[in-house]
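Before any comments, here is the structure.
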There are 2 protein chains.
Amino acid sequence: MNSISPTQGDTKQRILDSAEYLFAQNGYRGTSLRAITGKADVNLAAVNYHYGSKDGLLEEVIKRRLLPLNRTRMQRIDAVRQKARERGNKPDIRAVLMAFIEPTLLFKESTPEAGTFVTFIGRSMTDPDDTVRRVFQRFIMPLFQILFETTCEALPRLPRDIVLWRLHFTLGSLFHTLNICGKFSTDDIEYINTRLDADSLLALIIPFVTAGMKA
Amino acid sequence: MNSISPTQGDTKQRILDSAEYLFAQNGYRGTSLRAITGKADVNLAAVNYHYGSKDGLLEEVIKRRLLPLNRTRMQRIDAVRQKARERGNKPDIRAVLMAFIEPTLLFKESTPEAGTFVTFIGRSMTDPDDTVRRVFQRFIMPLFQILFETTCEALPRLPRDIVLWRLHFTLGSLFHTLNICGKFSTDDIEYINTRLDADSLLALIIPFVTAGMKA
DNA sequence: GTCTATACGATGATAGAC
DNA sequence: GTCTATCATCGTATAGAC
């Protein structure tokens, strides 16, 4: 097969990459299909052909990165749960939080594209239009369910609604960390190194959220 | 004085209100002066006349809500500091965090317009374009400086960079709380009441961040 | 002092000529 | 492909009406 164009064959992929970048930059509503297909250098109709609709494209953009990440986090949480069951005691709350947070931090620093995706997550959480947030929520639900149950097992004396709120506070700390890392902040109060690697960040955030959870 | 037009006399205010709403809805860059003046039903040139530029307008939108809030928070922190000094011991970390967080939560629920403003803050924190974030940062710097120093005094055994990171985690929890409150979440894991009043939220978040700080 | 109508230069996208 | 003319839209500036 003679490839008469460098863009042939990977049209689907190119659309996905362009959409991810533009969604992160200008938001979902602020990104037109023309902008996406223009950047991807494909025909406008290609989106509808490959993904059915703009919403269908959004789902695929999210699934591509989120499902593998969620699989990793799920395995880590399951491992903590399994180990606790074998030893006949409750899961260690620090290990539970580690199982969720460490893969997340590692994901962010894995590739520039992952960083773009994290930017997109951050934006969707604060967007008044909650179209995107709802899709994210749908895909993260099964994982969050397990995280919640495991956390409740780790902290059996705490009411479930308190655990749920504290998990939200933990997510807030994590989101904010993901957002500020990689940005310049020369004008901050004191020098705060926003270029820390995942291990250093983990060493900072885990004691904070673990103590908060056990409070 | 006969008011021949409902828009007369309050042009400055109307511009401010429209800008605040549209900035929260579509972002700073996504909002044109023509959109603002159109919604406010005033002439395009009025923005330049009253505020000098779009950036000048942005500053006033932020100052209008943030300066009074910051005054309140500053007074509360000063009071905690003063009381500690009188008693000859270090500030209580829980009281310090309360002094910052309680006025913030009360502000959010004070008026619908304050809610809109909080939405705007949330957006600017996750926007890849950091024009707005820089303005917010500039106006919150003096307060954050005092908060940071007071927190260091309350936790003298903790290295300053650790304190700074933990303050960021605290801000993350607070931002996330401000963002999710007031939104529907019928599809959440378990019922989480996002319509809690400031006092109930305070009772939830303060133990979490206090324990995290002291970890 | 306030507000309006209108114009200006810059920018970014589009489309056609080569 | 590359260049270029064109167009819409943006923030901004100004002259004059009330």
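Labels below follow one simple rule: chain letters A, B, ... track the order of the sequence lines, proteins then strands, and each chain is numbered from 1.
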Do Phe175(A) and His176(B) make the cut of ring centroids closer than 6.0 angstrom?
-> yes

Given atom [atom1] of [X] and atom [atom2] of [N], what is their separation to the nearest angstrom?
X	N	atom1	atom2	result
Leu57(B)	dT12(D)	CG	P	10 Å
Asp55(B)	dC10(D)	CG	P	16 Å
Asp41(A)	dA13(C)	CG	C1'	15 Å
Lys12(B)	dT4(C)	NZ	P	16 Å
Tyr51(B)	dC3(C)	OH	C1'	14 Å
Arg34(A)	dA8(D)	CZ	P	16 Å
Asn43(B)	dG16(D)	CG	P	16 Å
Lys39(A)	dG12(C)	NZ	P	15 Å

At under 4.0 Å, does any side-chain N or O of [X] touch on OP1 or OP2 of [N]?
X	N	value
Asn48(B)	dG11(D)	no
His50(B)	dG1(C)	no
Thr11(B)	dC3(C)	yes

In Met98(B), Arg76(B), Gln75(B), Lys108(B), the residue satisfying side chain to side chain contact (heavy atoms under 4.5 Å, CB included) with Pro103(B) is Arg76(B)

Checking all strands, does Thr31(B) fall into the base, sugar-phosphate, or nothing category for heavy-atom contacts under 4.0 angstrom?
-> sugar-phosphate

Return the nearest nucleotide to the side chain of Tyr49(B); candidates are dG11(D), dA5(C), dG1(C).
-> dG1(C)

Heavy-atom side-chain contact between Gln13(B) and Arg64(B) under 4.5 Å | yes

Side-chain donor-acceptor pair under 3.5 Å between Asp129(B) and Thr131(B), yes or no?
-> yes

